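First the structure, in the form of structure tokens, and then the observations on it.
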Amino acid sequence: MGKPKVVLGVSGGIAAYKACELLRRLTESGHEVRVVPTAASLNFVGEATWAALSGNPAGTQVWETVHEVPHVRIGQGADLVVVAPATADMLAKAAHGLADDLLTNTLLTARCPVVFAPAMHTEMWEHPATQENVATLRRRGAVVIEPAVGRLTGKDTGKGRLPDPEEIYEVCRRVLARGAAGPDLAGRHVVISAGGTREPLDPVRFLGNRSSGKQGYALARTAAARGARVTLVAANTALPDPAGVDVVRVGTALQLREAVLGAAGDADAVVMAAAVADFRPAVYADGKIKKKDGQEPAPVNLVRNPDILAEISAERAREGQIVVGFAAETDDVLANGRTKLARKGCDLLVVNEVGETKTFGSEENEAVILASDGTETPVAHGPKEALADAIWDRVAARLARRTA
Ligand SMILES: Cc1cc2nc3c(=O)[nH]c(=O)nc-3n(C[C@H](O)[C@H](O)[C@H](O)COP(=O)(O)O)c2cc1C
């Protein structure tokens, strides 16, 4: 088998220079890359840079090397097309099927997965025209990764930044690895909670848990690579924002509930991977609780937190929404899991055994996915992304049945 063939489309945004790094990453990891820049993008990075770094010609027009019919051949031969940065203009052209240069022709002839990494000012990104173009592209099966939040071209900051080249590379790698399975969550919106809540006792102390957020982040990365629009509600994680994902940061169970319910309104699936505290201190002390000589500490009274999983399962924000829960158990794992699935009323429950050295913080996981129809799918010990993909396989199958 030859090297996977990647077309790197570069459109005319200030972030075009970051595509040099992406190109490097792709060629160094064994991909054959053909760069197709737009004429506007050559104002930022010249043709010579693309040709030298890729080892291939890097023309912008359909009128060059016409005998090779590049406007058809490049797209037909590709295993993946990634457009980074994708300008507002390029998203509009792609959504409407325009074909006035080599890149737009390539986008029409490609039958492989297509990834767009948009980058632009916040106003351009938020404009209804751009948002509708993005929705159209997603509905047709393209993977459009959400721009990052941060410093933009000038002194301003906001949403619209091109994610780091390494992160775009990781999305490309995952999309390529799926091969013919393709982006089966394209056009879907999924909400994922990750991490562990912290329930404050006083300004310096909290009740927390050992969740690192790694499983939830793996779910977010894999869902993005399968084409979903992803909202990740992250509770107290130290992990970097995954590329192409909207991240909402929260602290407590009540904040997590608000963020999940807020995002779930139009979600096709909600996956509750966060470890949410069942209880919180009944009283929050405004000042640090002090030791007092000769006195025992006052007992900490707890009150129940709302059961978010049961709540979203009982009151689905939209018809056919798939709800997935996690159950971390220390003993009688499966029996407890089955009872919890019935009690919570969710569609899938991912049950795993936990302990100080198991699951929490680890790069790997093993679990059984229990389904409301009684099926049980064991997922062997392996990377958290493998478990995440096994969960999405089941969610995607259910969503496909819903729309069939
Ligand atoms: C300095 C400068 C920076 C620009 N940055 C962006 C950008 O980040 N995103 C974007 O959508 N358009 C940006 N534009 C506007 C595009 O270059 C313009 O819409 C162009 O027509 C895009 O052509 P293309 O999509 O064929 O590459 C920028 C323009 C200039 C002059």
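Predicted model, so just to flag it, every value in this text is computed and none were measured. Each ligand, and each atom within it, is numbered from 1 in the order the structure gives.
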Quick check against the 3.5 Å criterion: does [X] have a side-chain atom that pairs as donor or acceptor with the backbone of [Y]?
X    : Y    : result
N305 : A277 : yes
K18  : D164 : no
T87  : G12  : no
E167 : A243 : yes

Q: Would you mind checking if R249 and D241 are paired as a salt bridge, meaning a charged N to carboxylate O distance below 4.0 Å?
A: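 Counted as a salt bridge, because a side-chain N and a carboxylate O are separated by less than 4.0 Å.
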Q. Around K5, counting heavy atoms of other residues, nucleotides and ligands shown, do more than 12 lie under 6.0 Å from its NZ?
A.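 No.
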Q.
Take a 6.0 Å sphere around CZ of R24 and say whether it holds more than 12 heavy atoms from other residues, nucleotides or ligands.
A.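 No, CZ of R24 has 12 or fewer neighbouring heavy atoms, counting only those of other groups under 6.0 Å.
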Below the 3.5 angstrom mark, is there an N/O of [X], backbone or side chain, next to an N/O of ligand 1?
X    : value
A88  : yes
A119 : yes
S11  : no

What is the closest protein heavy atom to [atom], and at what distance does it sit?
atom                    : answer
atom 3 (C) of ligand 1  : F44 CZ, 3.5 Å
atom 19 (O) of ligand 1 : D89 CB, 4.0 Å
atom 6 (C) of ligand 1  : G13 CA, 3.6 Å
atom 20 (C) of ligand 1 : A40 CB, 4.1 Å
atom 28 (C) of ligand 1 : G12 O, 3.8 Å

For [X], take its heavy atoms, then give the atoms of ligand 1 lying under 4.0 Å from any of them.
X   : result
I14 : 5 (N), 8 (O)
T38 : 24 (P), 26 (O), 27 (O)
T87 : 10 (C), 11 (O), 12 (N), 24 (P), 25 (O)

Q: Measure from atom 31 (C) of ligand 1 to the protein's non-hydrogen atoms and state whether any distance is below 4.0 Å.
A: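 It does not: no protein heavy atom is found less than 4.0 Å away from atom 31 (C) of ligand 1.
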Q. Does the protein put a heavy atom under 4.0 Å from atom 13 (C) of ligand 1?
A.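 Under the 4.0 Å cut-off, atom 13 (C) of ligand 1 does have protein heavy-atom neighbours.
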Q.
Looking at F279, I'd like to know if the NZ or CZ of R304 sits under 6.0 Å from its six-membered ring centre while staying within 45 degrees of the ring's axis.
A.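 No cation-pi geometry.
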(Q) Quick check for you: to the nearest 0.5 Å, what is the distance between H96 atom NE2 and L137 atom CG? (A)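 H96 NE2 to L137 CG: 9.0 Å, rounded to 0.5 Å.
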